[in-house]
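These numbers come from the heavy atoms of this one structure, side chains and all, not from hydrogens, waters or symmetry mates.
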Amino acid sequence: MFKKLLIALALLIFSGCQPQERDWNPIFEDTHFNYFNTRIEKSLALVDELVRSPEGVLQENLELIRQQLLKLKDYYVPITTVRQEVYDAERYLKIKDTGKAKELLRRARSKVISLLGSTDNSVFDKVVVELTSMIDETLASLEHNDVDTAYIRLKTLGAHVNQMLYKGELVLSGTEFEK
């Protein structure tokens, strides 16, 4: 009896010493796409105004519409893609597919790097460099097999990219895309 109790106690102790498994917990961030709707609605409102405006205002309104569409193309779509890749990397890390998580983060990094120099706005470039640095730190954790740190960094990175989308107008303040 004492032997069985001792074995049960030893099993309990050893099972408590095992590293904690992270439960499957997909990110349920607020990932709506209202920022797309807002951009599209603003562009449509400008088009409606354009239809009713005298010809002198035509060129000015066309440039505003062009800037709205460039913001969608050159900021909101790439950052939305980056957010999805970061969230997917977190999911792959959960199922212990570190290789796929790294691949997704490298793709996200490539998209972020492509944003550098797309404007003449140093504040925008600083935001892009900061995001690149966060991705690099996460990749470094994965390269060193520090999965726990990488997991925490992925969660932080996902939340950061999500905020970049919701606060897009602040990030893009004073930014004009020239493509």
Item checked: Closest approach of Val82 to Ala108 (non-hydrogen atoms, all atoms of both residues) ->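 Smallest interatomic distance, heavy atoms only, reads CG2-O, 3.7 Å.
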Notebook entry, point to check: Leu104 versus Val86: any side-chain heavy-atom pair under 4.5 Å?
Noted result: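 No; the side chains remain at least 4.5 Å from each other.
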Next item on the list: Determine, for Glu130 against Lys126, whether the closest basic-nitrogen to carboxylate-oxygen distance falls under 4.0 angstrom.
Entry: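 Lys126 and Glu130: not salt-bridged.
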Next item on the list: State the CZ-NZ distance between Arg83 and Lys111, to the nearest 0.5 angstrom.
Entry: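 Nearest 0.5 Å value for the CZ-NZ distance: 14.0 Å.
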Notebook entry, point to check: Does the side chain of Ile95 come within less than 4.5 Å of Arg91's, by heavy atoms?
Noted result: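 Answer no - side chains too far apart.
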Item checked: Pairing of Arg106 and Glu143 as salt bridge, 4.0 angstrom limit ->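 Looking at Glu143 together with Arg106, the answer is yes, because their closest N to O distance falls below 4.0 Å.
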Check: Mind checking whether Glu103 and Tyr92 have side chains closer than 4.5 Å, heavy atoms only?
Finding: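 With C-beta onward as the side chain, the pair stays apart.
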Check: Looking only at heavy atoms, which two atoms of Leu115 and Asp74 are closest? And how far apart?
Finding: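 Answer, listing the atom of Leu115 first, then Asp74: CD2-O, 2.9 Å.
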Margin query: Looking at every non-hydrogen atom in both residues, tell me the closest pair between Asp125 and Leu116 and how far apart they are.
Written below: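 Where Asp125 meets Leu116 most closely, the heavy atoms are O-CD2, 3.9 Å.
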Check: Okay, side chain of Ser133, backbone of Val129: is any donor-acceptor separation there less than 3.5 Å?
Finding: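 Not a single qualifying donor-acceptor pair exists.
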Item checked: Contacts of type side-chain contact (heavy atoms from CB on, under 4.5 Å), residue Thr149, not counting sequence neighbours ->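 Partners of Thr149 by the side-chain contact (heavy atoms from CB on, under 4.5 Å) criterion, ordered by chain and then number, come out as Ser141, Asp146, Arg153.
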Next item on the list: Work out which heavy atom in Ala101 is nearest to a heavy atom in Leu142; give both atom names and the distance.
Entry: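 Result for this residue pair: CB-CD1, 4.4 Å.
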Note to self: Within the structure provided, determine whether Asn162 and Tyr87 are in side-chain contact (heavy-atom separation under 4.5 Å).
What the structure shows: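 Yes, at least one pair of side-chain atoms sits under 4.5 Å.
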Next item on the list: Write down the atom of Leu139, the atom of Lys102, and the distance for their closest heavy-atom approach.
Entry: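 Scanning both residues, the minimum pair turns out to be CD2-O, 3.8 Å.
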Next item on the list: To the nearest 0.5 Å, tell me how far Tyr151 OH sits from Thr156 OG1.
Entry: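 It comes to 10.5 Å.
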Checklist line | Nearest heavy atoms of Val127 and Met164, plus distance in Å | finding: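 So the minimum-distance heavy-atom pair works out to CG1-CE, 3.5 Å.
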